[in-house]
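A short worksheet on the structure shown next.
Everything numeric in this text was worked out from a predicted model, so none of it was measured. Throughout, residue positions are numbered sequentially from 1 according to the sequence presented. Every number for a ligand or one of its atoms is a count from 1 in the order of the listing.
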Amino acid sequence: MKNRLNRSQVYYLVILLVLGLGLFLRIFMQQPRGLRHLAQSHDLEIGTAVSSWQLDDPEFIRRLLHDFSLITPENEMKFEVLQPAPGRYDFSGADKIVAFAENHGLHVRGHTLVWTNQLPEWLITGDYSREELLSILQRYIQDVVGRYRGRIQYWDVVNEALSPDGDIATNNFWMQRIGPDYIAYAFQWAHEADPNAMLFYNESYAEGKSLKSDGVITLVMELQEKGIPIDGIGFEMHTGLGWSPDPLEVAENMQRLRKLSMVVHVTEMDVRIVEPATNDDLDQQAKVYGEILQTCLEALNCSSFATWGMTDDHSWIPYVYPDSGSALIFFGNYEPKPAYYSMRDILEGK
Ligand code: XIL
């Protein structure tokens, strides 16, 4: 009986518990909500490009799940990776990414079925006729889209098929070997393989008003006239300080696509800076991210906003443009950059 608490000790204990609970709730409630949750109330996806090996890093996963609802394999669903030899598939990276998404309640953007880059050597150098290439492509789309049927919500069916003047680019493997019909075939086959996936045409540098973005409109109209299923347009939004697209033009462009019943997704945004990036540069960059996000929120048909990688250490930019970098919304150590806070403020309506 000696060990029993007396009445005042019990009071103390209760008070301590209440105070402790209060402190816990305070800290917990003050924990800032991630972009992903803030975007939910706007029916907006927040996405990023990932590689399968990044999904082994607990710090990467923590940040990813805090802020993002959508992932795009940066390279592991490209033709050269998925079919390294004729008829032989390697789905290891792609499978891992899709399984991760399913286990964590994320959506997936399949990227990309038909592109002239990152094709396997055997395909480029092979002596295939037009008919043979059509059947290789049909089989490929059936196999890949069919494998993930019901598990991949959005597909970039055709990537970067237009030239700067808005015509179907001729410096393109599929155009040279099949002709302009390759685009319609690809959408048709993707739809047959997964009738519920949303199918996108994804394009670079066609966000504002230009011959190229006019070309996107023409392409959509031509596909629709033929009865080919297409749901939306991806605006890659690779841009840089001093040459980002005019938000008013982006808004107009989104609106004219809306008239054609097209959804718009911002699919690969980054804003590159010539190094070294100053604090002022980072503030300017924050403004660009904020303007594009705001434009997407205000458009009635823009429902996803994705960056091309999560932190500056995951960005492709320094590899392709060695004088530039700092293009994403987190520093390499996962600390949010001004761009992150500007996106958060906009999602919070500030
Ligand atoms: C890039 C990847 O980020 C790089 O790692 C790879 O070496 C080349 O491709 N437009 C696209 C993306 O649609 O697939 C490209 O990704 C960037 C430009």
Side-chain angles (χ1 to χ4, degrees), residues 47-55 60 64 68 70-84 90 93-94 96-97 108-121 123-124 140-141 144 152 154-164 168-169 171-175 182-183 186-187 190 198-207 212-213 215-216 219 230 232-240 243-245 264-272 292 304-322 324-330 332:
T48 185
V50 303
S51 296
S52 63
W53 59 88
Q54 294 166 336
L55 304 175
F60 183 94
L64 179 69
F68 299 91
L70 170 73
I71 52 181
T72 307
E74 182 172 355
N75 288 300
E76 286 158 290
M77 281 188 191
K78 291 175 180 171
F79 208 135
E80 68 174 1
V81 177
L82 289 186
Q83 198 176 154
D90 177 0
K96 185 170 165 186
I97 292 172
V108 181
R109 157 169 242 99
H111 176 83
T112 172
L113 295 171
V114 190
W115 191 22
T116 196
N117 288 2
Q118 294 178 277
L119 293 174
E121 213 42 43
L123 184 64
I124 301 171
Y140 176 79
I141 292 177
V144 175
I152 287 190
Y154 316 111
W155 269 108
D156 288 334
V157 177
V158 177
N159 207 38
E160 301 179 354
L162 297 182
S163 65
I168 297 180
N171 56 346
N172 177 299
F173 174 81
W174 302 106
M175 173 68 176
Y182 81 89
I183 299 178
F187 277 93
M198 284 182 72
L199 306 183
F200 284 74
Y201 173 70
N202 192 47
E203 187 55 277
S204 58
Y205 308 118
E207 293 87 6
K212 200 174 192 184
S213 67
V216 173
L219 177 64
I230 173 168
I233 300 299
F235 284 8
E236 290 187 8
M237 207 64 82
H238 292 293
T239 159
W243 56 278
S244 53
V264 173
H265 284 183
V266 174
T267 53
E268 307 183 12
M269 184 156 178
D270 45 28
V271 182
R272 60 191 197 246
I292 299 297
S304 182
F305 183 99
T307 61
W308 202 238
M310 195 157 59
T311 81
D312 286 341
D313 280 0
H314 306 134
S315 171
W316 69 308
I317 292 296
Y319 298 97
V320 187
Y321 310 94
S324 301
S326 304
L328 294 170
I329 65 173
F330 293 97

*Would you call the rings of Tyr205 and Trp243 parallel, tilted or perpendicular, where under 30° means parallel and over 60° means perpendicular?*
tilted
_Students should find this: residues with any non-hydrogen atom under 4.0 Å from ligand 1. What is the answer?_
Glu74, Asn75, Lys78, His111, Trp115, Gln118, Asn159, Glu160, Glu236, His238, Glu268, Trp308, Trp316
*asked:* What I want to check is whether the side chains of Asn117 and Glu160 have a donor and an acceptor closer together than 3.5 Å.
replied: no
*Excluding sequence neighbours, so at least two apart, what forms salt bridge (Lys or Arg N to Asp or Glu O under 4.0 Å) with Asp270?*
none
*Just say parallel, tilted or perpendicular for the rings of His314 and Phe60, cut-offs at 30° and 60°.*
perpendicular
*With side chains defined as the heavy atoms from C-beta onward, is the minimum distance between Arg109 and Leu70 less than 4.5 Å?*
yes
*Atom pair NZ (Lys96) and CH2 (Trp53), whose distance is rounded to the nearest 0.5 Å*: 10.0 Å
